[in-house]
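Owing to the predicted nature of the structure, the values given are computational and were not obtained by experimental measurement. Atom set for the values below is all heavy atoms of this structure, side chains included, hydrogens, waters and symmetry mates excluded.
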Amino acid sequence: MNEKQRLESNQVNPADKKSEKDYSKYFQTVYMPPSLKDAKKRGKEEVSYHNDFAIDEQFHGMGQGRKFYIRTYGCQMNEHDTEVMAGIFLGLGYEPTDSVEDAHVILLNTCAIRENAENKVFGELGHLKALKRERPELLIGVCGCMSQEESVVNKILQKHQHVDMIFGTHNIHRLPHILNEAYLAKEMVIEVWSKEGDVIENLPRARKGSVKAWVNIMYGCDKFCTYCIVPYTRGKERSRRPEDIIQEVRHLAAQGYKEITLLGQNVNAYGKDFEDITYGLGDLMDEIRKIDVARIRFTTSHPRDFDDRLIEVLAKGGNLVDHIHLPVQSGSSDILKIMARKYSREHYLELVRKIKEAIPTASLTTDIIVGFPNETDEQFEETMSLYREVEFDSAYTFIYSPREGTPAAKMQDNVPMEVKKERLQRLNALVNEISAKKLKEYEGKVVEVLVEGESKNNPEVLAGYTEKSKLVNFKAPKSVIGQLVKVKVTKAKTWTLNGEMVEETAEVK
Ligand code: SAH
Ligand code: SF4
Ligand code: F3S
């Protein structure tokens with residue numbers, strides 16, 4: 001399908017929309033609102049791969065004398081999408097700025113994962129209203145996962161008329177066209193494809209920093225955990241071809257990047273959509289470990305698809321780091337079942353056992369949701385006991401947040417918010433206790449740190465991460481920024497380590 005056909009097939013005729021309120025009269029330009037119902041469908045059509053992204057000649061110089069500002073919310077996927085959009089802005093001749101006051105275009109790259117993530121964005125949109133009043137020529141855009149939600153688009157239409165454009169996660173490569181429409185139109189430009197686009201290989205990327213880089217290995221998610229909005233906002237699973245990924249990693253290595261993180265919502269499903277080859281994440285990692293980059297990470301793992309081949313490859317060590325983020329969500333098999341995670345407590349513990357057996361130094365971190373609908377005290381205690389048993393290095397913990405359109409949002413819930421908050425506090429106390437204990441064990445030991453730059457709070461001090469993602473602050477000359485150095489840990493703080501540099505390590509690992 002070419003772009004024109006795709007546009008036509010996605011084009012919703014405003015007159016056909018049976019929305020409660022008809023907004024079509026506001027739009028003479030692009031009006032392509034999202035539909036959660038369509039986003040749910042998983043078609044059989046093959047993914048097509050393109051290498052033909054180019055900025056149309058008519059848009060050259062669009063950004064002359066103009067500056068762009070992008071605020072990013074949410075996960076690494078969004079961080080990386082922001083790098084792509086920044087690359088497109090630069091290609092159009094815009095300059096970056098880190099102040100909204102200076103910007104001629106402001107984009108909010110949004111996250112829909114929990115209600116509070118969305119509230120932050122609506123709060124920010126409120127703040128931007130005054131700026132738009134002062135400078136009507138300013139363009140304000142909303143993109144990212146929230147723009148894939150019908151209810152969000154409707155709310156922006158009702159309450160935030162100062163927004164100039166809304167575009168979806170599948171429409172990023174259309175940014176030049178969307179900006180052009182927004183400059184020409186008096187109305188809000190909306191272009192959100194509910195169904196995923198193809199994989200476009202040659203999008204530009206203006207990467208943040210020159211030490212660590214993100215590399216997408218797949219897009220979308222087909223897991224449909226019952227609480228989660230991501231399969232609706234990011235579309236079906238599409239894996240990039242191994243040769244394209246390997247080429248990108250090689251290129252980054254040649255440019256001097258020291259750490260690569262392979263990205264996907266469910267990286268363990270990598271390759272399952274290939275029809276012509278049998279190739280998974282283990283195979284990909286086995287190739288990538290041969291590339292001369294000091295550290296290779298991947299995120300996020302799903303326990304269900306974490307196979308023996310991957311464990312066998314990770315055990316080869318080298319530049320494959322021994323830190324695995326393995327979200328468990330709950331320690332109760334009953335809750336896991338209602339979450340549709342498709343594994344049990346026992347399966348998860350068995351997987352952890354296998355990983356630790358093959359990689360004895362492995363450290364694990366996780367994500368946990370407390371207060372899933374009707375979670376009992378006993379079920380919550382199972383999460384606590386699993387946490388103690390695995391002894392995670394740390395965890396991201398969340399109170400369940402109902403997301404409109406997901407199956408869990410329709411479930412009756414008998415757990416009062418106070419109980420959920422109390423459970424979160426208890427879990428966090430346990431997370432902190434074990435994290436502190438693990439950090440304490442580093443005192444007096446020497447760790448290898450990839451130096452990222454000055455510490456956020458003190459420019460006299462440098463900061464970087466260990467292989468296991470521990471933040472280390474230490475005094476050293478600025479010349480080691482971007483290098484791997486050995487640091488002796490002098491003190492473990494609550495979340496970070498303080499240390500002294502022992503020696504400058506050689507350029508390569
Ligand atoms: N793809 C990753 C997770 C992406 S979202 C995975 O499957 O592990 C990051 C985390 O947000 C999830 O692991 C989950 O813990 C949390 N999360 C997702 N939906 C949520 C919701 N509706 N309420 C609360 N937390 C949620
Ligand atoms: Fe969401 Fe589950 Fe997919 Fe992770 S695997 S993005 S939690 S649906
Ligand atoms: Fe948020 Fe979308 Fe990532 S919902 S967590 S930004 S995939």
Side-chain angles (χ1 to χ4, degrees), residues 53 55 59 61-113 117-132 135 137-149 152-153 156 160 162-183 188-193 197 200 203-210 212-216 219 233-234 261 263 453 456:
F53 176 83
I55 289 174
F59 303 137
M62 180 197 273
Q64 213 68 56
R66 288 169 168 159
K67 292 183 181 165
F68 72 95
Y69 172 96
I70 310 177
R71 179 162 297 175
T72 314
Y73 302 81
C75 66
Q76 296 93 334
M77 214 72 59
N78 260 13
E79 297 276 352
H80 191 43
D81 284 350
T82 289
E83 294 181 332
V84 172
M85 291 190 287
I88 297 176
F89 272 117
L90 294 180
L92 288 165
Y94 288 82
E95 266 180 60
T97 172
D98 48 18
S99 128
V100 283
E101 276 77 27
D102 274 0
H104 300 89
V105 184
I106 298 174
L107 290 187
L108 304 185
N109 190 7
T110 63
C111 171
I113 201 81
E118 299 205 346
N119 289 344
K120 275 189 218 155
V121 171
F122 283 119
E124 186 56 29
L125 281 179
H127 294 147
L128 291 176
K129 204 172 262 176
L131 214 58
K132 177 78 181 176
R135 293 198 282 128
E137 73 287 358
L138 167 71
L139 286 189
I140 298 178
V142 176
C143 56
C145 287
M146 277 170 72
S147 52
Q148 295 290 144
E149 294 179 287
V152 166
V153 172
I156 294 176
H160 299 279
H162 59 295
V163 169
D164 300 280
M165 48 194 170
I166 306 179
F167 59 98
T169 55
H170 310 307
N171 304 69
I172 285 177
H173 64 289
R174 298 263 314 149
L175 182 57
H177 299 261
I178 293 164
L179 283 166
N180 186 53
E181 286 291 342
Y183 283 124
M188 210 184 287
V189 174
I190 303 177
E191 188 181 302
V192 185
W193 296 344
I200 303 170
L203 289 169
R205 296 175 179 94
R207 297 187 189 269
K208 204 169 144 198
S210 52
K212 303 202 291 191
W214 313 110
V215 172
N216 279 123
Y219 303 96
T233 65
R234 293 273 167 178
T261 304
L263 285 184
K456 271 201 190 114

Please round to the nearest 0.5 Å and tell me the distance separating atom [atom1] of [X] and atom [atom2] of [Y].
X: Lys132; Y: Asp164; atom1: NZ; atom2: CG; answer: 3.5 Å
X: Asn109; Y: Met85; atom1: CG; atom2: CE; answer: 4.0 Å
X: Thr110; Y: Lys120; atom1: OG1; atom2: NZ; answer: 12.0 Å
X: Thr261; Y: Lys212; atom1: OG1; atom2: NZ; answer: 6.5 Å
X: Thr169; Y: Gln148; atom1: OG1; atom2: CD; answer: 3.5 Å
X: Asp98; Y: Arg71; atom1: CG; atom2: CZ; answer: 10.5 Å

Could you work out, with side chain to side chain contact (heavy atoms under 4.5 Å, CB included) as the rule, every residue matching [X], not counting sequence neighbours?
X: Leu138; value: Ile106, Leu131, Arg135, Ile140
X: Glu95; value: Lys67
X: Ala213; value: Arg207, Leu252, Tyr257, Ile260
X: Ala117; value: Cys111

Give me the atom names and distance for the closest heavy-atom approach of [X] to [Y].
X: Trp214; Y: His80; value: O-CE1, 3.5 Å
X: His104; Y: Gly65; value: CE1-O, 3.5 Å
X: Gly87; Y: Pro204; value: C-CG, 3.7 Å

Name all residues meeting the ring-ring contact (aromatic ring centres under 6.0 Å, His included) criterion together with [X]; count only those two or more places apart in sequence or in a different chain, and write none if there are none.
X: Tyr183; value: none
X: Phe68; value: Phe89
X: His162; value: His160

Inset, instruction - Verify the neighbour count for atom NZ of Lys208: are there more than 12 heavy atoms of other residues, nucleotides or ligands below 6.0 Å? - result: no

Inset, instruction - Check whether more than 12 heavy atoms from other residues, nucleotides or ligands sit under 6.0 Å from atom CG of Asn119, and answer yes or no. - result: yes

Quick one: are [X] and [Y] in side-chain contact, heavy atoms under 4.5 Å?
X: Asn216; Y: Met77; answer: yes
X: Met62; Y: Arg66; answer: yes
X: Phe167; Y: His177; answer: no
X: Met188; Y: Val153; answer: no
X: Ser147; Y: Val152; answer: no

Residues that [X] engages under side chain to side chain donor-acceptor pair (under 3.5 Å), provided they are two or more places apart:
X: Glu149; result: none
X: Tyr73; result: none
X: Asn171; result: Glu191
X: Thr72; result: Thr82

Legend entry - N/O donor-acceptor pair under 3.5 Å between Glu181 side chain and Pro176 backbone: no

Legend entry - Inter- and intrachain pairs under salt bridge (charged side-chain N to carboxylate O under 4.0 Å, His left out), touching residues 81-94, at least two apart: Asp81-Arg234

